[in-house]
Structure formats: C-alpha cells, structure tokens
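Read through the structure below, which is laid out as structure tokens, and then see the notes.
Every heavy atom of this structure was used, including side-chain atoms; hydrogens, water molecules and symmetry mates were not. These figures come from a predicted structure and were not determined experimentally.
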Amino acid sequence: MDILLVNPDHGDQNNFPWGCLAVGSYLKNVKNYGVEVLDASVDGEELALETIIQKLSKTKVVGFTSFSSDIPFVKKALDQIKEINPDCLTLIGGPHTSLLPEQTAAYKNADIVMYGDGEDATNKLLEKVLGSDKRISNFDDIPGIVYEKNGEIVKTEHPENVDHFDIDYTLLDKRVQNTLGNYIQMLSGRGCSYRCTFCYVSITSRKWRGFTDGFFSELKNVVDKYNPKTIYFRDEHFFHDKKRIPQLIDFYKKNNFNFKWRATIRAGDVRERYVNQDLLKELEEINCECLKFGIESGSDKILKMLRKGLRVKHTKDVVDLMAKFPKI
C-alpha cells in the first residue's frame, strides 16, 4: 500500500468522506497507486488510531483530511505515527488547512500541509517520496502545499485542477458499500462562485467548476452498478449551470431512470427565467424529492452582513412557490 488516507469521525456510519474519497479515487484509478481509505466515522476514533498503527509498517505516507473540529484527533494521530515511525510522511488537507495552512504547517509532526484540491499535489508527492530511498526535504516544485524548510514556512503556487474522474466507491468501508443500493452521494462539480462570509468555500474556491460530460457518464455507471433508490448530488451549488439541468432531465428520461434524487439550490435560482413553475414540474416528473436551500436568516440586515445576495421577501416567495410542489 502506497498511501493511507484517514477521515476523522463525523458521527455518521454511512458517511461519504469526500476529501479522502476523491483523492483516493484519483490516485488509485488514474495514477495506479495502492490506496486505502480509513473513515473513523464507521468505528470511532480510538479503533481508527489502532488501525493506523497496525498499517504503519506497510505504508510510507499517511494523509488526513480535517475540519477545524477534527484537529485534536489529527494531532493525536500524528503524534503516535511519528513516535512509532518517524520516517512516515504525514499529510494534512481539508477545510482547516485551506483556511490556516501556515499555522498547521508549523506543527512539528505535520510534514506537508495541502491547500486547495489535493489530487495533483498528492500524486506529485508520491512520485517524489516513493521514487527515492532517501528522506526528501525539498518539495518546492510541488504546487498546493505548505511545509517547514530550514525553520521557515514555505507555501508553493496554487495547485492545478484535474480533469474529471469517476469516484471509486469500493474505497468505502464494506459496511457502507452494502448500503449504496439505498442511498449514494455524487459530485457533479466543485466550488461556488458566491461569497457568503460564513462559508470556507468562498475563501478556498474562487469559482464553480462543473463536470458536465463526465458527470453524465459517471451517473450512468453508478446507476448500472448500484441501482440506488436515492442519489444526493452533494455539490455546493448543483443548479449553477443553467444549461445542464435541462440536459439532466433529458438524460434521466432517455435512460429510463427511476431513482429519486436530492440536490442543493440557491433561493436566487428560483425565478421566472430559470427555476420556474414549469421547470419545477419537470423536476417532479424525474423524481426530484428534495431541494436544499441555504436560507440562513429571516433578517435582511443579517443577510446583507453575510453577503448572501438574497432578501427575506425573495425567500418567502420561494417557500410559497415550493409549497405548490408537494412531491419535492
């Protein structure tokens, strides 16, 4: 095994650890590395720590994804890894490191901190580390990382985006894989072009990036393999691309799909020239069962502070309209 990717415990045994799952799928199926994903949400953090220790003799690299609330677990795991195997390269990515990369990189047992999308950076790190029998100390040529070199914190250039690739759900715990016929998550794009002040995506991802062509082929593959009853399109903003929603409706009908689906949507998308009554009726017809709106507040003052781009009246109009479509 080349790399072990660890997701902290987020309290849901049927969790989809998207950071580890995306990076792991890319490394395994595009770059042909040996990869395992360990999700502490399944059995808890104590058992996850025991598993990490057991696997240390088989891997040179252990990577973590992390929200800020996960840092105590990640720190504890890093300390144990370095105590047992000081030569193991440790990586940390995720929302916390994208917000505070330099601070995270200053911790003694964090070798490399990732910011932004992690696929390309992790691939280049593995190429360097696994291609040498010596301890590597210079990573300046790898984009998207922060690390300490000669007592100074070095931050390299922003990582490049990678082309679409299918998610490998076999990286999930077997018990989670057994539930995919009932419920599965998919990503059809990354990022968000809005700038809500409370959201880390507004800092880490300056624009929305969709996977239109690859998304439809991956959707067909997922349905053929797992035949899920429900799919949740887990994007930050599934309705960003106005052209893609009619394409989805046509694709759903042409393939005689019958799964129910859920997605995120901005209240600002519900307007006469986009998600109107006619389109909502079509969404009902292709089994849309849930649209998730980020309403955030019933106060215009707070909405303005949050830079939400909405007003309370608009939100109320949206709620009144959605009440006419009880299937959603």
Side-chain angles (χ1 to χ4, degrees), residues 3-12 15-27 37-42 45 48 62-78 90-107 109-122 125 142-147 153 155-162 167 171-172 185-209 232-238 240 264 266 292 294 296 306-308:
I3 183 169
L4 174 65
L5 299 173
V6 182
N7 188 72
D9 183 5
H10 295 146
D12 183 358
N15 182 50
F16 285 76
W18 274 108
C20 292
L21 192 56
V23 172
S25 299
Y26 179 78
L27 295 176
V37 170
L38 174 62
D39 186 3
S41 297
V42 178
E45 292 181 347
V62 179
F64 296 84
T65 187
S66 179
F67 293 113
S68 296
S69 55
D70 298 324
I71 287 299
F73 165 75
V74 174
K75 179 179 177 296
K76 184 177 181 180
L78 291 174
T90 55
L91 317 177
I92 313 176
H96 179 79
T97 63
S98 290
L99 292 172
L100 297 168
E102 292 86 356
Q103 183 191 81
T104 312
Y107 185 61
N109 289 331
D111 292 326
I112 304 290
V113 166
M114 333 284 288
Y115 72 95
D117 292 352
E119 290 90 351
D120 185 53
T122 309
L125 280 167
I142 297 175
I145 67 169
V146 185
Y147 73 109
I153 300 296
K155 185 175 184 179
T156 64
E157 63 184 10
H158 199 277
E160 295 183 2
N161 301 328
V162 297
I167 294 299
L171 289 169
L172 295 171
Q185 292 186 10
M186 292 187 65
L187 283 181
S188 71
R190 291 185 182 180
C192 181
S193 57
Y194 289 89
R195 294 289 168 263
C196 304
T197 58
F198 58 84
C199 183
Y200 89 97
V201 176
S202 67
I203 298 172
T204 60
S205 181
R206 303 306 295 175
K207 62 180 181 179
W208 178 86
R209 291 170 286 130
Y232 175 28
F233 299 119
R234 179 60 183 78
D235 306 42
E236 300 290 344
H237 188 192
F238 183 71
H240 180 97
T264 55
R266 280 182 58 88
K292 297 188 175 186
E296 319 308 349
L306 297 178
R307 298 181 184 174
K308 188 66 186 177

- request: Give the C-alpha distance, both sets of side-chain angles, the deciding distance and a yes or no for side-chain contact (heavy atoms from CB on, under 4.5 Å) between Arg209 and Asp117.
  value: CA-CA 12 Å; Arg209 291 170 286 130; Asp117 292 352; 3.0 Å; yes

Would you check if [X] and [Y] make a side-chain contact, meaning some heavy-atom pair closer than 4.5 Å?
| X | Y | result |
| --- | --- | --- |
| Cys20 | Asp39 | no |
| His240 | Arg266 | no |
| Val146 | Thr104 | no |
| Phe16 | Leu172 | yes |
| His96 | Val74 | no |
| Asp70 | Phe64 | no |
| Thr65 | Pro8 | yes |
| Val62 | Val6 | yes |

### Query
Sub-3.5 Å donor-acceptor pair from the side chain of Ser41 to the main-chain atoms of Asn7, do we have one?
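A pair under 3.5 Å: no.
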
Practice task
Report yes or no: does Tyr232 contribute a side-chain atom to a donor-acceptor pair with the main-chain N or O of Thr264 at less than 3.5 Å?
Solution key: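 Checked: no pair found.
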
Show the nearest heavy-atom pair for residues [X] and [Y], with the distance to one decimal.
| X | Y | answer |
| --- | --- | --- |
| Ala121 | Ile142 | O-CG2, 3.8 Å |
| Ala22 | Glu119 | CB-OE2, 3.6 Å |
| Gly116 | Ser98 | N-OG, 3.3 Å |
| Cys192 | Glu236 | CB-CB, 4.2 Å |

Drop me the distance from [X]'s [atom1] to [Y]'s [atom2], to the nearest 0.5 angstrom.
| X | Y | atom1 | atom2 | answer |
| --- | --- | --- | --- | --- |
| Leu187 | Arg234 | CG | CZ | 7.5 Å |
| Glu157 | Ile145 | CD | CD1 | 10.5 Å |
| Leu38 | Leu171 | CG | CG | 12.0 Å |
| Asp120 | Tyr26 | CG | OH | 5.5 Å |
| Arg307 | Tyr194 | CZ | OH | 15.5 Å |
| Phe238 | Lys292 | CZ | NZ | 13.5 Å |

side-chain contact (heavy atoms from CB on, under 4.5 Å) between Leu21 and Ile167, intermediate numbers included:
CA-CA 7 Å; Leu21 192 56; Ile167 294 299; 3.6 Å; yes

Q) Would you say the ring centroid of His237 lies under 6.0 angstrom from that of Trp208? A)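 Ring centroids of His237 and Trp208 are no less than 6.0 Å from each other.
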
- Task: Verify side-chain contact (heavy atoms from CB on, under 4.5 Å) between Leu306 and Cys196, making sure each step is shown before the conclusion.
- Result: CA-CA 5 Å; Leu306 297 178; Cys196 304; 5.6 Å; no

Practice item. Answer yes or no on whether Lys75 is positioned over the face of Tyr107, meaning its NZ or CZ is under 6.0 Å from the six-membered ring centre and within 45° of the axis. Key: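 Because its charged atom misses either the 6.0 Å distance or the 45° angle limit, Lys75 does not stack over Tyr107.
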
Take Thr97 and Ser66 through the test side-chain contact (heavy atoms from CB on, under 4.5 Å) and record every step on the way to the result. CA-CA 7 Å; Thr97 63; Ser66 179; 5.5 Å; no

